[in-house]
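Note sheet for the following structure.
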Amino acid sequence: MLPGAKIGRDCNICDHTFIEGDVIVGDRVTIKCGVQLWDGVRIEDDVFIGPNATFTNDAYPRSRHRPAAFLPTLVKKGASIGANATILPGVTIEENVMVGAGTVVTHNVPRNAIVVGNPGRIVSYVGTERAVPPPAEEAAETGPRQTLVEGVILHRLPAAGDLRGLLSVGEVGRQVPFEVKRYFVVYDVPTEQVRGEHAHRTLHQFLVCVHGRCLVVADDGAHRQEFSLDSPATALYLPPMTWAVQYKYSRDAVLLALASGLYDAADYIRDYAEFLALKKGRQRDQ
């Protein structure tokens with residue numbers, strides 16, 4: 001450990017660990033054997049770093065060419081980094097992230113994500129319940145289905161078909177429980193990209209993947225559930241104050257979103273901690 005490094009309380013730092021001077025480690029951090037933390041690395045409280053995980057701080061290293069400033073790398077509270085993972089410089093790993101063993105993290109990782117592979121890709125979210133498909137005898141039934149997430153409803157839309165093709169339909173006032181003021185379409189999304197990652201203060205949304213497939217994670221602050229939108233006859237209603245993420249888009253996915261209001265940047269909540277605080281405040285006021 002070099003002079004200047006700051007280490008918090010109750011940390012477990014194992015053999016063959018090297019920590020440079022411009023490193024900050026929070027409280028209750030576990031660092032297993034063979035880890036090197038270079039200048040610019042910041043580790044928040046309750047982080048786990050597995051054996052031989054590799055951190056970097058120079059995107060274009062050359063022998064005896066020290067950059068004017070090292071790129072900062074931040075691992076936020078409660079995150080876990082698996083053995084032999086590689087963390088590229090300048091990335092932020094948000095709270096409660098799980099980085100799988102051997103993963104190469106090349107971009108920022110959003111809160112609660114589970115990331116694996118090279119390059120690292122999001123495969124799921126921590127604490128997320130997956131919506132179970134209905135039994136075969138119920139699969140053809142239309143109508144709303146309650147979910148674990150407050151106010152979120154999964155719809156099986158009415159559908160009809162003949163030799164000319166298939167048709168699915170949703171009606172405002174029935175399946176769509178609000179007056180539609182706007183629509184937008186998401187398409188040509190690279191499979192590794194994540195959309196959403198925000199909540200709305202007052203906006204209602206109704207999502208239909210009209211082609212291909214994508215997954216949606218809905219979160220009310222207490223429960224988190226994942227839904228597969230893989231048919232134009234399947235739709236998901238998201239009420240206000242629901243944190244939502246869309247990911248694992250198929251290459252041909254086209255996601256149609258109906259919205260209850262015009263675009264308003266002030267209606268977005270993009271910080272999860274702020275979302276949780278607002279949810280708790282509203283619950284106290286009720």
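Heavy-atom basis, side chains included; hydrogens, waters and symmetry copies ignored.
A ring-centre distance under 6.0 Å is not found for Tyr187 and Tyr249. In this structure, Phe55 has its ring center at least 6.0 angstrom away from the ring center of Phe18. With ring centers used as reference points, Trp243 lies under 6.0 Å from Tyr272.
The two residues Ser124 and Glu226 make their nearest non-hydrogen contact at OG-OE1, 4.4 Å. Across all their heavy atoms, Asp27 and Asp45 have their closest contact at N-OD1, 2.8 Å. Considering all non-hydrogen atoms of both residues, Val152 and Pro239 come closest at CG2-CD, 3.8 Å. Residues Phe70 and Pro67 approach most closely at CE2-CG, 3.5 Å, considering heavy atoms. When all heavy atoms of Thr92 and Lys76 are compared, the pair lying nearest together is CG2-CE, 4.1 Å. Heavy-atom minimum distance, Ile81 versus Ala53: CG2-CB, 4.1 Å.
Tyr237 and His204 have parallel rings, their planes meeting at less than 30° on a 0 to 90° scale where 60° marks the start of perpendicular. A tilted orientation is assigned to the rings of Tyr263 and Tyr268, their planes being inclined by 30° to 60°.
Atoms CG and OG1, on Leu37 and Thr54 in that order, are 10.5 Å from each other to the nearest 0.5 Å. Rounding to the nearest 0.5 angstrom, the gap separating the CG atom in Leu258 from the CD atom in Gln175 is 11.5 Å. In this structure, Ile49 CD1 and Cys33 SG are separated by 13.0 Å, a value rounded to the nearest 0.5 Å. Glu94 contributes atom CD, which lies 8.5 Å from atom CZ of Arg111 (distance to the nearest 0.5 angstrom). The SG atom of Cys11 lies 6.5 Å from the CD1 atom of Ile31; values are rounded to the nearest 0.5 Å. The distance from the CD1 atom of Ile24 to the CD1 atom of Ile19 is 12.0 Å, given to the nearest 0.5 Å.
Checked for salt-bridge contact, Arg224 and Asp219 meet the test: a charged N lies under 4.0 Å from a carboxylate O. The pair Asp22-Arg42 counts as a salt bridge, with a side-chain nitrogen and a carboxylate oxygen less than 4.0 angstrom apart. By the 4.0 Å N-to-carboxylate-O rule, Arg201 lies close enough to Glu274 to be salt-bridged with it. Under the 4.0 Å criterion applied to side-chain N and carboxylate O atoms, Arg66 and Asp39 are assigned as salt-bridge partners.
Partner of Ile7 under the side-chain contact (heavy atoms from CB on, under 4.5 Å) criterion, chosen from Val29, Val25, Ile43: Val25.
Looking at heavy atoms from C-beta onward, Leu229 lies out of side-chain contact with Leu215 at the 4.5 angstrom threshold. Counting only heavy atoms from C-beta outward, the side chains of Ile122 and Pro110 approach each other to under 4.5 Å. Contact annotation: the side chain of Leu207 never approaches that of Leu256 to less than 4.5 Å [non-hydrogen atoms, C-beta and beyond]. Proximity of Leu255 to Cys214: side-chain heavy atoms (C-beta onward) are separated by under 4.5 Å at one or more points. You'll find the side chain of Val35 stays beyond 4.5 Å of the side chain of Asn52, heavy atoms only. Inter-residue side-chain proximity for Gln205 and His200 is flagged as met; some heavy-atom pair is nearer than 4.5 Å. In this structure, the side chains of Val104 and Pro119 stay at 4.5 Å or more apart for every pair of heavy atoms. With contacts defined as side-chain heavy-atom distances shorter than 4.5 Å, the pair Val216/Arg195 does not qualify.
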Audit row: Ile87, Thr73, side chain to side chain contact (heavy atoms under 4.5 Å, CB included) steps and yes/no: CA-CA 8 Å; Ile87 314 300; Thr73 299; 3.9 Å; yes

Audit row: Thr86, Leu88, side chain to side chain contact (heavy atoms under 4.5 Å, CB included) steps and yes/no: CA-CA 6 Å; Thr86 299; Leu88 267 59; 4.1 Å; yes

Full working for side chain to side chain contact (heavy atoms under 4.5 Å, CB included) between Arg213 and Ser228: CA-CA 7 Å; Arg213 187 192 81 147; Ser228 178; 3.6 Å; yes

Glu95 and Lys77: CA distance, side-chain angles, deciding distance, salt bridge (Lys or Arg N to Asp or Glu O under 4.0 Å) verdict: CA-CA 5 Å; Glu95 294 182 9; Lys77 184 176 180 180; over 6 Å; no

Worked verdict on Ile114 versus Val126 for side chain to side chain contact (heavy atoms under 4.5 Å, CB included): CA-CA 6 Å; Ile114 301 174; Val126 175; 3.8 Å; yes

Test side-chain hydrogen bond (donor to acceptor under 3.5 Å, both in side chains) applied to Arg156 and Thr234, step by step: CA-CA 5 Å; Arg156 184 69 180 174; Thr234 301; 3.2 Å; yes

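The environment of His198 atom NE2 is dense: over 12 non-hydrogen atoms of other residues, nucleotides or ligands sit within 6.0 angstrom. For Lys279, the NZ atom sits in a packed shell: over 12 heavy atoms of surrounding residues, nucleotides or ligands are nearer than 6.0 Å. Under a cut-off of 6.0 angstrom, the local environment of CZ in Arg28 is crowded, with over 12 non-hydrogen atoms contributed by other residues, nucleotides or ligands.
No chain of hydrophobic side-chain contacts below 4.5 Å, direct or via other Ile, Leu, Val, Met, Phe, Trp or Tyr residues, connects Leu154 to Val208. By the rule that hydrophobic residues join a cluster once side-chain heavy atoms approach within less than 4.5 Å of another member, Phe178 and Ile153 end up as members of one cluster. Grouping the Ile, Leu, Val, Met, Phe, Trp and Tyr side chains by contacts below 4.5 angstrom, directly or via other members, places Val109 with Tyr125. Under a hydrophobic clustering in which Ile, Leu, Val, Met, Phe, Trp and Tyr are joined whenever their side-chain heavy atoms come within less than 4.5 Å, directly or via other members, Phe206 and Phe227 fall into different clusters. Clustering ILVMFWY residues whenever any of their side-chain heavy atoms sit less than 4.5 angstrom apart, transitively, puts Tyr247 in a cluster other than the one holding Met98.
Remark: the backbone N or O of Gly34 is paired with a side-chain donor or acceptor of Gln36 at under 3.5 angstrom.
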